[in-house]
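This report refers to the structure that appears directly beneath it.
Owing to the predicted nature of the structure, the values given are computational and were not obtained by experimental measurement. Quick note on labels: first sequence line is chain A, next is B, and so on, each numbered from 1.
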Number of protein chains: 2
Amino acid sequence: MVETFAALAEPNRFRIVELLRSGPRPVNTIGERLALRQPQVSKHLKVLKAAGLVEVEPRAQQRFYALRPEPLRRLDDWLDRYRQLWDERFDAMDEVLEELTQKEDEG
Amino acid sequence: MVETFAALAEPNRFRIVELLRSGPRPVNTIGERLALRQPQVSKHLKVLKAAGLVEVEPRAQQRFYALRPEPLRRLDDWLDRYRQLWDERFDAMDEVLEELTQKEDEG
DNA sequence: AAAGAATATTCTAGTCAAGGCATATTCGAC
DNA sequence: GTCGAATATGCCTTGACTAGAATATTCTTT
């Protein structure tokens, strides 16, 4: 989870992921499209691959990189545990606050 | 978006967010619970606050930090644009890739 | 085998962020 | 106003990350 966040926290890596949303691409077109030098693209892709966000498919001398859904799905699952924070009553928090101030206990 | 990822990419910050899911807490209890020194907790909370992930409510000398839903909701919206990758059978992508590589191998 | 295209790796330098520690600040109790 | 509790800030050191440039590797073609 944290590794996914770390991978997406880098601006250029984020742009690469966004670009790949439209489909797999070889390294050079990514670099052209995002105005990044080839070595940087390869490095970023390496990180994205280590995080499972991307997979490679060799084709001739080119390597097509494609998005992998798994980490994003896991992110979605993680968010699920937080959805109550805005989906439903948010005011229950105030009660908890009251409670905490009285009993300084920690569980 | 990237700022949200950056905030959550730090392990201890992630743990703080997870802890705050159960409700607002003062700084010291966070430190105790996560075995972090007080200055680090304050620094991490500062980053989380700058990212909008957290808000403060002073109470006596204590400061209760609570989760803010907005960034998580925006994350959810962002994920929405990727859900087709796994919601529908977008695995067609894999097929296409397979096909392309096979065609190349055999041709 | 040689050449060329596409990509990966290495090395270096500069930057940024995190932890540790000391200290400053804020606020309530007396 | 002073003291003490809770929290924030500053400084320093260290480790990690990134870009740049050069070079190595891989695969294809001839």
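Listed by residue number, the members of residues 10-19 of chain B with any heavy atom below 4.0 angstrom from DNA chain D form an empty set.
Residue B:Q38 places its side chain closer to D:dA8 than to any other of D:dA21, D:dA8, C:dA18. With distances taken from any side-chain atom of A:S42 to the nucleotides C:dG20, D:dT7, C:dT7, the minimum falls on C:dT7.
The shortest heavy-atom contact between B:Q62 and B:P26 is OE1-CB, 3.5 Å. Scanning all heavy atoms of the two residues, the minimum distance from B:L19 to B:I30 falls at CD2-CA, 4.1 Å.
Connection of B:V47 to B:L53 is not established within any shared hydrophobic cluster, with ILVMFWY side chains joined at heavy-atom distances below 4.5 Å, either directly or through further cluster members.
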Distance-only donor-acceptor hits, side chain of residues 63-76 of chain A, under 3.5 Å, sequence neighbours excluded:
{"residue": "A:R68", "atom": "NH1", "partner": "A:G52", "partner atom": "O", "Å": "2.9"}
{"residue": "A:R68", "atom": "NH2", "partner": "A:E70", "partner atom": "OE1", "Å": "3.3"}
{"residue": "A:D76", "atom": "OD1", "partner": "A:R83", "partner atom": "NH2", "Å": "2.9"}
{"residue": "A:D76", "atom": "OD1", "partner": "B:R83", "partner atom": "NE", "Å": "3.3"}
{"residue": "A:D76", "atom": "OD1", "partner": "B:R83", "partner atom": "NH2", "Å": "2.7"}

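Here the C1' atom of nucleotide C:dC16 and the CD atom of B:E3 are 15 Å apart, to the nearest Å. Summarising the geometry, the separation between CD on B:Q40 and P on C:dC21 is reported as 10 Å, rounded to the nearest angstrom. Straight-line distance from the NZ atom of A:K43 to the P atom of D:dA16: 17 Å, rounded to whole Å. Straight-line distance from the CD1 atom of B:I30 to the P atom of D:dA6: 14 Å, rounded to whole Å. Rounded to whole Å, atom C1' of D:dT28 lies 13 Å from atom CZ of A:R59. Atom CD of A:E57 and atom P of D:dC27 are 14 Å apart (whole Å). Straight-line distance from the CZ atom of A:F5 to the C1' atom of D:dC17: 20 Å, rounded to whole Å. As a whole-Å value, the separation of A:K49 NZ from C:dT9 C1' is 14 Å.
Panel note: side chain B:R15, backbone B:L34; a donor-acceptor pair is recorded below 3.5 Å.
OP1 and OP2 of D:dA6 both lie 4.0 Å or more from every side-chain N or O belonging to B:Y65. Taking side-chain N and O atoms only, A:H44 has a distance below 4.0 Å to OP1 or OP2 of D:dA19.
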Expected rows: protein N/O vs nucleotides 3-6 of chain C N/O, under 3.5 Å:
none

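Counting any heavy atom pair closer than 4.0 Å across all strands shown, A:K46 reaches sugar-phosphate atoms only and no base atom.
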Exercise for review: Evaluate the side-chain contact (heavy atoms from CB on, under 4.5 Å) criterion for residues A:E55 and A:K49: first the C-alpha distance (whole Å), next the side-chain angles of each, then the deciding distance (0.1 Å), finally the verdict.
Suggested key: CA-CA 6 Å; A:E55 65 186 356; A:K49 187 183 170 195; over 6 Å; no
Practice item. Test B:Q38 against B:N28 for side-chain contact (heavy atoms from CB on, under 4.5 Å), laying out the working first. Key: CA-CA 7 Å; B:Q38 177 266 316; B:N28 55 358; over 6 Å; no
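A salt bridge does not link A:R59 with A:E57: none of the charged nitrogens is closer than 4.0 Å to a carboxylate oxygen.
Using a 30° and 60° split on the angle between ring planes, A:W78 and A:F5 fall in the perpendicular class, above 60°.
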